[in-house]
Structures are given as C-alpha cells and as structure tokens.
Amino acid sequence: MEYDFIKIERKWQKFWKDKKTFNVVINDKLPKFYVLDMFPYPSGAGLHIGHPLGYIASDIYSRYMRHRGFNVLHPQGYDSFGLPTEQYAILTGQHPIETTNINVKRYREQLDKIGFSFDWSREFRTSDSSYYKWTQWIFILLFNSYYNKKKGRAESIEKLISKFEKNGNENSDAYSDEEILKFDSKRWKNFSDEKKQEILLDYRLAFLSRIEVNWCEKLGTVLANDEIINGVSERGGFSVTKKKMLQWSMRIGAYAQRLIDGLESVNWPESIKEIQRNWIGKSVGTSIKFKVFKSDIKIEVFTTRPDTIFGATFLTIAPEYKSVNKLITPSTAQTALDYIKKSSLKSNRDRISNVKLISGVFTGSYALHPFSNEKLPIWISDYVIGDYGTGAVMAVPCGDQRDFEFAKFFKIRIIDIFDNIDISEKAFTQKDSFKLKNSSFLNGLNYNDSLKKVIEKLEKIGSGKSKINFKLRDAIYSRQRYWGEPIPIYFKNNIPYSLELSDLPLKLPEVKNYLPTKEGNPPLGNAINWAWDVNNRCVVNKDKIDNKKIFPLELNTMPGWAGSSWYFNRYMDSKNEDFFVGKKALEYWEDVDLYVGGSEHATGHLLYSRFWQKFLYDRNYLNKDEYAKKLINQGMILGLSAFIYRIKGSNKYISKNLIKKNDVEKVRVDISFVNNNNELDIKKTRDWMPEFKNANFILENEKYIVGRELEKMSKSKYNIISPDNICNQFGADTLRMYEMFLGPIEQTKPWNSKGVVGVHNFLKKFWKLYHKGGVFNVSKNNPSESSLKIFNKTIKKVKHDIESFSFNTCISSFMICINELTLLNCNSKKILSPLLVLISPFAPHISEELWSLMGNKKSISKEKFPSYDDSLLIENIKNYPISINGKMKFKKEFSYDLSSNEIESIILKDEKTKKFLKGENPKKIIVVKGKIINIVI
RNA sequence: GCUCGAGUGGUGGAAUUGGUAGACACGUUGGACUUAAAAUCCAAUGACCAUUGCGGUCGUGCGGGUUCAAGUCCCGCCUCGAGUACCA
C-alpha cells in the first residue's frame, strides 16, 4: 500500500476543520497554555519557504502541549495595515481593502495546506474596524495619561490636573521634558482653557509637538528610528532627512528603566535582551551647568566623566541647539548660520558616511568653568547630536578622542590632566589606572575617588547633579499615509481633543487619491467627510468646519506597529464587542507562554508592545506587565539567487567563467530557469522579460552558466521557493519535518531542497512499518525487551528535545527508532500506538491516518503523550563490554567510585584490564556511559 | 570603532554541558534486483599508514594553558555573521 500523502492530508485537514478540533474555550479544569506566532503581514508575494519555519515550530509545541493535557490557545490573524499594501494600491488603483482580501485569502490557503492547528475562530485583522476601535481606544487612554515618576507608573491625566490645581507644577512628579514652564496653583487657575491644554500636552503619554523628525520624501512620510537602516528607509531604501514637523509621539522614554528591568523576568534569548538594552542605551553620568559669559543663559551638558572637568577647554553644542541663536555673536553670525543651515540639509546617510570629517564653527560666546571661572569658547558642531542628552557637551580633549581630534583640527588648547600618561598622539579614555594632575582639588585622585568628590562639590555650588540618560527617544507616532488607523483626535483652535470610547471606531474614510495632498497634507486630507461634529458626536462633511461645533479631525494615521502592540491580548477574547479583552478571558489566559517570531523586530514591535503592556498594566487593564514569558527567534532561510552577467553598455550576456576582464554588471534571473548544474534555460529567460528577448548569450561549452549567491528570500530577488511545491511533491508532513530537520531553529540557513528526500523516505519507512503486519494485523504478543528499550529511550529524548526546541535532533531520534524497530520486526500495538502520539506533533496527518486505521475512534490530537519507563533506561554497567583508554596514565586522582565487589567482577571478566593492572588494586575506575574510560591506581 | 554570537568531514549538522568526536541525513562510491532506467535494499565513506590478520598515527579556525581526560573551561590571536553608529 502506497503512502498517498495528498489523499491523507486532504482528509485530515477537512476533518480538523469540520470538527473544529483546535478551537478552544475557557476550561477551569485544565491548565492553560498560550502559544503565539508573530502574525503575518499579508503581502502580494505569498508565503515562501521561510515564513512557516516559526509557525511549524510553534505548531509542534502546541500539539505537544495538547498531548500533555494543556488547554492550548494557538491563534492566528493578520497584521494588515501598512505601507506595501498602500504602495500597491497607488500603483494599481485598487483599494487597499481589496488587495488585503486577496492576499489574506492566498495566505490562508497556503497556511491550511501545511496543516497548522490554529484556532481560526479567533482570527482578526488589524485593519478590521472592530479591532482598530480598541487600538484607537488605547491611544486615547495614552493621550489621557501621564507618568508619575515617584510612583513609577502611569496615571490618569485627571489626577495631574487636580495636582496642578492644588500645588501647581513646582514639585511635580510628572515625567516630562526638562525645560518646562513653572507655575503655582494660582497661576494655573488663571490660565485659559487652551493654555491649560497646551501645558498638558507636555505631560500626556501620547502628545503632539513640533519636533525634528526623520522625513522620507520618497515615501511621503516620517519614520521612526527603528524603521531606518544604515541611514535609509527600511522599506524601499530611500534617503531620509531631518525635518521639523508637528507630530504625534509616545513618551516611551518614561518607561526606559522599566523596559530594561523587565527583561530580567522573562525567558527571552540573551541576544534580543542585549539588543533592547543597547537600544535603550542607559548611561549614568552627571549634568553640569555652565554660565555663559556676559549673558543670563546657562548651558547644561551631560557627561559620564565629570572627573575630567579640569581638562575641559571648550563646549560644543549641536547645530539644532535650542538657544543657539542667542549664542551667536555678530562677528561670527554669517559663518555660524551658514554652518547650521548646511548641516540641517544633510541626509542621515551623509552624516553617517562623513563621520570622520571634522567640521564646526565658533559661536563667539564663552562659557565659564564652574570651578576655575576660566573662559571656555563655545563651538557648534554636528558631531554633537541635538536630541541626545542636552544637545551640548563639555569637551575634554585629553580624555575623549573626538574632542581631541576637534581640538587639534581647530587648534584649541589641550590641558593634560593625567599624571604620567602620554597624550601627544591620542586621548586617554580608560577609566582606570590613572591619577589626576592639573585638577585643583582633584589632584592625585583616581577615577572612583575623584568622581565622588567632584559630584559632591558640584552639588554644593549648585552647578550639577547626578543624572541618568537614555538613548531611547520618544516614538514618533504620526504617519502621513492612508492605510493605517485614523488617530481619534479633533482640533479646536489648534488644540487637540480626544474622542470618547462611544465615538469609536473612527472609521477610515473613503478617499479618491491615496497620495499625500499638494499642501503636504496626508491622504486623509482628500476625504470629504472628515470633520467632527461635537454635539452629535459623528463624522461630517468638512465644508461645515466654520460652524462653531464642527472641527477638523486629525489627518495623520497610526504607524504600522500600533496594531501589533497589543494584539496578543485580543486573541484571548477576540469577539468581545464591549471591551478590548474581557475580564474572565484575561484571568484565565493571562499572558503568552511561548512567543515565536523573528529577531528583526527586536527594536520595533518587541519593544513597543512591551511598552503598551506596561502602560495598560499601570492603568489596571491588564494583570501582567510582561506579556510573553518565553520568546524563541526563528532564523531566516536564505535563497540561492541566480545572476547573469551583462557586458556594460551592451545587450550581451556572458557565461560566468568567461567574464575574466570584461566589465560586467550582475542581473538577477528567476531561479526556476536554472537547473542543479547552474545552467540557464535561455528560452524561458527570453520569454520572461522583453529586455532579454533579443539578448545575445555568450556560451561556454554550449551552456550558459549563471553565478549564484545566498540572499534573503524575496520576490524582488526572484529566489523564492514556495512551500506549495514541496507540499504537492512530498506532502505537508515532509515539509514540516524537513524544515525542522534543516538545523537549529534560531539559525540563519540556506535552503537546500536536496535533503527533502531523506525525510520523505523516513515517512515512507514509517508508513511501511505499520503495514508490515502492523496496522492491519497487530500482534498481541508482548514487545521484546530491546524494542521496549528503544521505545522508552525515544520517548525520553523526544520529550527533552521538544522542550528545548531541539527539533532537528528530535527527528534524528525518530529515524533511529524507526530503523531499529524495523530491524527488530516489531509489530506490537503496545509500542506502535503510542509511537504515533509521539510523532504526531511533527507529522500530524500521517499519524492521524495510521491512528484511525488501527481502529482508534478519537482524534489523535486528544491523546495523552506516553510516559517512559525509567527502569528500562538504567543501563547496567556489567552488561557492557569493557574497554580501556589506550592513552591511560596511572595517576592518583579519582572521579567515580565503585564498590570493591563491582571492581572485582569487572576486572575478572577482562584479560586486558588484568594485564594493565599488573596485580595491583585500582583505586579509581572512571566509568562513562557504562564503559570504563580510565583506571587509576 | 563598540556590543553580542559563531568557527567540527564533500554538505546540513550531532556530541547527555569536561568523558569513546563526527549521531542522523544529504552527497559520493561499490554491490543486489532489473534487458535498461527509476524506485527499493545492502555495504563503505574524517585524513594518512598498514591492509595476508587483529591495527597504528593525526585530527573540532590558530598559538599557549588547566586536567587522568578539552570541540566543551582559561589566556592571547585570526576569520565570519548579527546589532549599533559621532550617545559625550
């Protein structure tokens, strides 16, 4: 009987669907287990072989945990808002909803084909208004919250208002930017409503401000720091410049410390934790205030090395520094302003590529050293970043390499403050092994002592204090795009006001054109019905805005990460219309036990979602302040791209080994035109694209040989391998097993379809084992002791390997087990039935089929995972042959004691050992895996 | 530059965490069955030497060290990958 996987897989996929096998409900009698995948973004290219890698792993774990008796929640949905869908809509004139529908349908078909055990009853898309209603609600909650530094948690903005009414903001515990208008309660009460709202914007966790943003002209939108890679946009690779714009942001900085601390409590890969820590970038230092000579301005700098303060010879401020204009003196104004203008036009990429270029300009002003009162020139340079620290630094050439180079370049004084250390060539940046000199009251002290002393002194004279700085910036939240959640805000006299829960969802309006408007407005500016009627609480035509109760609505939409920052909570109760997640569901499912997804989200989704979780926890809407106990990162699968070589300026393509000295450019071709020997099918290539139609292919040995390179799989690189082909040719079970067999789950690895056969053969062998007097004629005989041993060893190994996500070695164990059982001709039901349960997380279809053929009525998914018999696993030393390490040295040490009886019986059995011992009594026998490795006398 | 991770046969990768390195699979070679091919099954497969015998030597990027014992631990290098980018 043939292993007809197509028939089998269709049958069981239908069965699971009809019986709703994997739909779960709250069951207080069973322990819960929540397994989550990062939900996919349904792009037009469909799934390639790399996407399911993580899904297969999490599916194996889900099925395993079901066998272990857990109530497993394993949901799936779609992250469907975002740039690519919108770009596609602009190109084709289709509505993004249509393309999303088409893409989702295709994704679903592909996912179903692989036999995942998702609970589809909980499916949603982030672009469903029933879902983004709650994304908008969370935004409003953030808008109406501030961060209480003293309590270390977010609170309602109402509490802050009542504090202002009582005490003003003099001693406020609220998190905000440093330089803020100070007021007492009396003054607060006299402020106009609008002024009050303006002030509150400085405290709200979601706030509007005019700030410097990363502007991407080609995409027509601003981008967050994590959406920029190497100075260009992550999507499209377009250039990014700095621009001041009125933007919504999130005060994620308030949570910086807690985002670091929280990492201690979760079982996430150390690499992800490290990336997040670096991104948040905590640094402990001191802030020092410098008075400006003949001015009332003070410049505050942040430094981690206040101990070097007597080496400071100048200050440097960023070109964007807030009071830069007041520092520029008439004599330097022209060159300074030119410099500022020039640096504002630089793109991020230029800034990065010119790191080594020293540039700057003197302001004409001087700052006064807090201790010596010496005049220090104030310079402007773009090596200082405007939005880190205070945007100003005290420059200590002898202790910082950049300051050193800057001072040398502009011939600024360098003071040597390190005793017996040569600083003629470069700065001395170590924090140990030095004693200070030329440093007044710090002379002779080392790093730790001088640090303590200088901070003490600074505090005493009111010129400085300890401070902690973070690299993490506020997260910019506005996107000038159409295909995202509308921000539920309207404007009255340019002051933003939030809608209320009963107003939601604020649905995305119809627009004629998805491109930003001429005036630079986002596409929502094209909507006719996009104004807010305060009285009737509804969206109306914006022509009526002059009416005193009709106000414009926010035109920006939310960024891609908004919808994905809380979706894991929604799955617990996705159909709830009254709240974002019901109380009962939350109490039962609590949090995600296992989260599987790519590490590329380390500084994006995985950070933002932790922030929102903590925020919602603070506001008492959630019970946990970390949402995922364990995280596994699946690695990328690389594809082997194919290249042909065009001789520059011609229509000739030269075979790889003939290139030699020709000046060629590489052109990608679809890998389906290339065979295993790297020969190109020229006919297919000609038919593929017009540019190749009349091309001249220069052959070697009558063949065109392509070049090959490993790259990330993507549609634009024509190197995609679709899981569909593997499923059709070998079956889903083979695909599942092979992807797991490929190597450790976290590793980046190239796809190589040659090995598929091996796994497929294993499944065929597995199928055969059951039919060889197995399934249809199961013997009633007790299994032999050897087969029981093999079987129990396999259970133990499989259990261990699944729990440690070592799926590749787990499959090896299966293969050994099947090979050995085949050899032993084992056909005992006592072994074969539980073996199906054991293997079913990996190959669910074939297992179900054999299970039913063996006459079992229940679906295998409901069966218990077999337990192993410990007594069968213990290996008796005496039953094993003795071997002695030939390189054995007779020394005194011991590492394993045996009773004298045992030693005797071993020695008596073996001639060779006796020869080695020469009649002496061994003191120690080192035994490993039941075999003697070494004997010590 | 800084931070983290990794280097094991022709290939993907094992090694119970210090205990017989190379499991399992791919590939290759030989054999069986076939008129033939495919499929299937069997055997060999780290390198070198000895193969009329059981065998021997060297081997986990390089150089040292600790240990009865090192792929694994320590010190110093080299190479590759990931993250980050003037963070004061």
Side-chain angles (χ1 to χ4, degrees), chain A residues 225 229-231 269-279 281-283 285-286 301-306 308 315-316 318 348 351-358 381-385 387-396 399-403 405-406 429 469-473 599-600 602-603 635-636 737-738 741-744 746-759 761-762 764-765 768 796-797 800-801 806 808-817 819 883-896 924 926-929 931-937:
Chain A
N225 282 350
I229 310 282
N230 290 331
E270 209 39 57
S271 61
I272 291 282
K273 291 187 182 182
E274 200 57 34
I275 291 171
Q276 292 207 342
R277 281 190 207 110
N278 287 341
W279 186 261
K282 181 179 178 174
S283 72
T286 311
V301 305
F302 175 76
T303 177
T304 52
R305 296 295 304 276
T308 63
L315 298 195
T316 315
N348 285 30
R351 273 193 164 206
I352 289 168
S353 59
N354 291 332
V355 161
K356 288 276 166 265
L357 217 72
I358 297 168
S381 174
D382 62 7
Y383 85 83
V384 176
I385 303 167
D387 58 353
Y388 178 74
T390 60
V393 300
M394 76 174 195
V396 183
D400 183 285
Q401 191 55 29
R402 286 158 317 190
D403 297 344
E405 280 162 21
F406 195 86
T429 54
N469 239 322
F470 294 97
K471 273 198 266 185
L472 187 69
R473 316 291 156 86
S599 59
E600 65 273 21
T603 56
M636 246 190 316
M737 281 199 128
Y738 185 59
F741 188 65
L742 218 50
E746 331 78 43
Q747 218 165 76
T748 299
K749 48 203 168 252
W751 177 259
N752 170 10
S753 32
K754 278 183 185 165
V756 180
V757 187
V759 171
N761 284 346
F762 161 74
K764 276 204 244 175
K765 227 184 271 177
K768 259 190 215 159
K796 192 183 175 189
K797 182 89 165 85
H800 173 266
D801 283 351
S806 200
N808 52 333
T809 54
C810 188
I811 291 166
S812 301
S813 313
F814 282 136
M815 290 178 174
I816 296 167
C817 176
N819 281 342
S883 67
I884 293 180
N885 187 343
K887 279 177 267 177
M888 173 168 64
K889 287 170 199 157
F890 293 94
K891 286 203 180 169
K892 312 145 221 160
E893 304 269 338
F894 294 81
S895 76
Y896 193 101
K924 177 128 227 165
I926 299 163
V927 181
V928 177
K929 287 193 211 172
K931 290 173 196 177
I932 294 173
I933 298 297
N934 209 343
I935 297 178
V936 186
I937 298 174

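The chains referred to below are lettered A, B, ... by the order of the sequence lines, with proteins before strands, and numbering in each begins at 1. Note that the coordinates shown come from a computational prediction; the quantities given were computed from them, not determined experimentally.
- A gap of 27 Å separates the C1' atoms of B/C42 and B/U52, to the nearest Å.
- Atom CE in A/M815 sits roughly 11 Å away from atom P in B/C24 (whole-Å rounding).
- Listed nucleotides B/A88, B/A23, B/U84 differ in distance to A/V393; the shortest reach to its side chain belongs to B/A88.
- Set against B/A25, B/A88, B/C4, the side chain of A/V384 has B/A88 as its closest nucleotide.
- Here B/G56 is in the anti range [glycosidic angle more than 90° from 0].
- Across the P atoms, B/C75 and B/A85 are found 30 Å apart, a figure rounded to whole Å.
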What pattern of brackets, bars and dots sums up RNA chain B from 5' to 3', given Watson-Crick or G-U wobble pairs under 3.5 Å, [ ] for crossing pairs and | for another strand? (((((((..(((......[....)))((((((.......))))))((((.....))))..(((((..]....))))))))))))....
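- Spacing of C1' atoms, B/G46 relative to B/G13, comes out at 15 Å, to the nearest Å.
- At a threshold of 4.0 angstrom between heavy atoms, the contacts of A/D403 with the nucleic acid are absent.
- Applying the 4.0 Å criterion to OP1 and OP2 of B/C24, one finds that A/N808 has every side-chain N and O outside that range.
- Using a 4.0 Å cut-off between charged side-chain N and carboxylate O, A/E405 and A/R402 make no salt bridge.
- A residue-by-residue look at A/T809 and A/N278 shows that A/N278 has its nearest nucleotide of RNA chain B further toward the 5' end.
- Remark: A/E270 CD to A/R277 CZ distance equals 5.5 Å, nearest 0.5 Å.
- Per the geometry, CD belonging to A/Q747 stands 12 Å off C1' belonging to B/A14, to the nearest Å.
- Taking atom C1' in both B/C26 and B/U45, one finds a spacing of 13 Å when rounded to whole Å.
- Residue A/L742 holds its CG atom at 9.0 Å from CG of A/N808, rounded to the nearest 0.5 Å.
- Nucleotides B/U60 and B/G55, compared at atom C1', are 24 Å apart to the nearest Å.
- B/U57 and B/C74 are spaced 31 Å apart, taking the P atom of each and rounding to whole Å.
- Between the side chain of A/R473 and the base of B/C87 there is at least one donor-acceptor pair of N/O atoms closer than 3.5 Å.
- Comparing A/T303 and A/I275, the nucleotide of RNA chain B nearest to each residue sits closer to the 5' end for A/I275.
- Computed from coordinates, the A/K273 NZ to B/U84 P distance equals 20 Å when rounded to whole Å.
- Rounded to whole Å, the distance from NE2 on A/H800 to C1' on B/A15 is 12 Å.
- A heavy-atom distance below 4.5 Å is not found between the side chains of A/F762 and A/Y738.
- Look at A/S283 and you'll find a side-chain N or O under 4.0 angstrom from OP1 or OP2 of B/A88.
- Residue A/D382 contributes atom CG, which lies 13 Å from atom P of B/C87 at whole-angstrom precision.
- Taking A/E746 as the reference, nothing meets the side-chain hydrogen bond (donor to acceptor under 3.5 Å, both in side chains) condition, with sequence neighbours excluded.
- Here A/K471 lies in heavy-atom contact (under 4.0 Å) with a base.
- Among residues two or more places apart in sequence or in another chain, the side chain to side chain contact (heavy atoms under 4.5 Å, CB included) test is passed with A/N761 by A/V757, A/K764.
- In this entry the base of B/U17 is syn relative to its sugar, with a glycosidic angle within 90° of 0.
- Among the nucleotides B/G12, B/U84, B/C4, the one closest to any side-chain atom of A/T603 is B/U84.
- Among the nucleotides B/A23, B/G13, B/C86, the one closest to any side-chain atom of A/I385 is B/C86.
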Within the sub-3.5 Å range, which N or O atoms of nucleotides 38-44 of chain B have a protein N or O partner, and how far apart are they?
unit_1, atom_1, unit_2, atom_2, d
B/U40, OP1, A/N761, OD1, 3.1

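- Residue A/F814 is classed as having no contact, given no heavy-atom separation below 4.0 Å to the nucleic acid.
- Separating the C1' atom of B/C86 from that of B/A6 is a span of 29 Å, rounded to the nearest Å.
- Donor-acceptor pairing under 3.5 Å is recorded for the side chains of A/D403 and A/Y383.
- Within the model, atoms OG of A/S812 and CG of A/D801 stand 8.5 Å from one another, a figure rounded to the nearest 0.5 Å.
- A distance of 9.0 Å separates OG1 of A/T603 from CD1 of A/I272, quoted to the nearest 0.5 Å.
- Separating the C1' atom of B/U34 from that of B/A47 is a span of 37 Å, rounded to the nearest Å.
- Taking A/S283 as the reference, A/F302, A/T304, A/Y388, A/N469 meet the side chain to side chain contact (heavy atoms under 4.5 Å, CB included) condition, with sequence neighbours excluded.
- Whole-Å rounding puts the A/D801 CG to B/C24 P distance at 15 Å.
- Between the P atom of B/G13 and the CG atom of A/L742 lies a distance of 8 Å, rounded to the nearest Å.
- Rounded to an integer number of Å, the gap from A/I358 CD1 to B/A88 C1' is 16 Å.
- For A/P744, the listed nucleotide lying nearest its side chain is B/A14; candidates were B/A14, B/A85, B/C86.
- By the side-chain hydrogen bond (donor to acceptor under 3.5 Å, both in side chains) test, A/Q747 is found to be paired with no residue, residues two or more places apart in sequence or in another chain being considered.
- Here A/Y388 reaches the OP1 or OP2 of B/A88: one of its side-chain N or O atoms lies under 4.0 Å away.
- Heavy atoms of A/P750 sit nowhere under 4.0 angstrom from any nucleic acid atom.
- Side-chain atoms of A/K754 lie closest to B/C26 of the nucleotides B/A23, B/C26, B/A88.
- With contacts defined as side-chain heavy-atom distances shorter than 4.5 Å, the pair A/R305/A/V396 does not qualify.
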